[in-house]
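Structure record follows, encoded as structure tokens.
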Amino acid sequence: MTVDLAAIRHNVQEEMQRLAGKSALFAVVKADGYGHGAVAVAQACQQAGATGFCVALLDEALELRAAHFTEPILVLGITPPEQAAIAAANDVSLTFGSLSWLTAAAEDLQARTNTPLKVHIALDTGMGRIGFRNAADLRDAADYLAAHQDLFLTEGVFTHFATADEKDTTYFQQQAQKFNGLVAVLPKKPRYVHVSNSATSLWHAACNGNMIRFGVALYGLNPSGRGIPELPYPLQPALSLTSELTFVKQIHAGDAVSYGATYKAQGDEWIGTVPLGYADGWLRRLQGFHVLVNGVPCEIVGRICMDQFMIRLPENTPVGTTVTLVGSDHGETISMQDVADYSHTIHYELCCILTQRLPRRYINR
Ligand SMILES: *Cc1c(COP(=O)(O)O)cnc(C)c1O
């Protein structure tokens, strides 16, 4: 796996220019930087001027702290309240969406630390995942926070959109309205009021608030897949995936390839073996898809194995020849979106499931 850090810097810089200082940009580097490597990605985002980072888990935040990042870090998921003191001690901001979480966290903080915990209030305006859903519950929590300022510093309030990447904005507008109604319940606006994932910032920047949570687009991927092709600037994909032929042979009519012997040669065929399989995150259902060899699309024939798969070559090709699974070769390109389309999923999922067995190489540091 090759990750072009210049592409990440470009995507972040373009977005920061659009924000024109009106909103801070927090780079979302959860799930090991969407599979790209959290620390290297965070460094690139830092160089490009990102204000802070978002992750999903406290452990992911601590990984960044261990790598000496001093920017604000927000954990977007619900952390066990008995880890509140660890978060506070490491200056990590946590998300909560219920009064019971606050009271449980307060116990841990009182027992273990003198440092107040920075918290962001999650509002569930229609995502149906985490957060306060009505004004009464939110008011109770706000009262509790006001009475316990020695334990909690209310740093943010936010929501998450379910349909920001869709052309029809009806549901989006409903969520935005509900958010404004709920925020109005708070006695005072916290430092960060934020609603925007990549899709919201790219296509609904008017409601950005003063901070955005910029995720998939920083990796150069269109959040809508092919849904909304229009972008305010071209995104540069950072990730490419290449391998090389480890074995090449000629087979003849009727000869089979791979488990189940599901593929049979029609005549004389050159077959190349690629040392990568589903244990690397190259899905079994990519059988029948193609890779590039010298710019020529070559079909994946037979079942994909755990560690290897086979392709049909147009001609005898030397062992060691580069095989491009994702990326460009001689002017031909296979995008993550192409792979996602063929395997009936989204590029987000494909990036995250590329496993640690794949060596990551970083270029343009
Ligand atoms: C993952 C996540 C993001 C980033 O979303 P992208 O679509 O990758 O930009 C933003 N906010 C929350 C709450 C998330 O969970």
Side-chain angles (χ1 to χ4, degrees), residues 7-8 11-12 14-16 18-19 23-36 38 41-42 45 48 50-61 64 72-79 92-97 119-132 155-166 172 175-176 179 192-205 207-228 231-233 235 237-239 336-337 340 345-353:
I8 290 177
N11 299 327
V12 170
E14 287 281 350
E15 191 62 13
M16 298 219 22
R18 286 182 70 231
L19 297 172
S23 307
L25 185 150
F26 277 46
V28 184
V29 296
K30 60 192 180 187
D32 198 25
Y34 293 44
H36 294 60
V41 169
C45 294
T51 317
F53 302 105
C54 293
V55 291
L57 308 173
L58 179 56
D59 277 335
E60 294 175 332
L64 294 180
I73 303 176
L74 168 61
V75 177
L76 296 169
I78 302 291
T79 306
V92 171
S93 308
L94 297 186
T95 290
F96 75 98
V119 288
H120 288 231
I121 309 170
L123 303 181
D124 182 2
T125 58
M127 176 68 185
R129 195 164 64 177
I130 56 170
F132 292 93
E155 185 183 51
V157 58
F158 75 101
T159 196
H160 192 51
F161 287 112
T163 63
D165 59 341
E166 291 178 13
F172 180 91
Q175 280 198 256
F179 181 72
Y192 291 120
V193 179
H194 51 109
V195 302
S196 296
N197 55 2
S198 300
T200 307
S201 192
L202 290 170
W203 295 304
H204 307 276
C207 56
N208 266 353
N210 58 10
M211 184 266 239
I212 70 164
R213 309 182 300 266
F214 200 54
V216 82
L218 83 81
Y219 305 93
L221 301 171
N222 181 322
S224 73
R226 299 196 196 275
I228 309 178
L231 290 162
Y233 51 89
L235 291 168
L239 188 153
M336 267 292 179
Q337 185 59 43
T345 183
I346 55 176
H347 50 53
Y348 286 81
E349 185 181 29
L350 293 176
C351 292
C352 294
I353 62 170

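Side chains included, hydrogens not; waters and symmetry mates left out as well; all remaining heavy atoms used. In listed order, ligands and their atoms are each counted from 1.
Applying the ring pair (Phe, Tyr, Trp, His ring centres under 6.0 Å) test between Phe161 and each of Phe172, Trp203, Phe179 identifies Phe172 as the sole match.
The closest donor-acceptor contact from the side chain of Asn197 to the backbone of His160 lies at 3.5 Å or more, if one exists at all.
The side-chain heavy atoms of Leu350 and Tyr34, taken from C-beta on, include no pair separated by under 4.5 Å.
Within 4.0 Å of ligand 1, protein heavy atoms belong to Val28, Lys30, Tyr34, Leu76, Arg129, His160, Asn197, Ser198, Arg213, Gly215, Val216, Tyr348, listed by chain and number.
Taking the six-membered ring where the residue is Trp, Phe132 and Phe96 present perpendicular rings, their angle passing 60° and hence far from 30°. Using the six-membered ring where Trp is involved, Phe158 and His194 have ring planes that are parallel, under 30° apart on the 30 and 60° scheme.
Between Tyr219 and Phe214, a ring centre-to-centre spacing not shorter than 6.0 Å is recorded.
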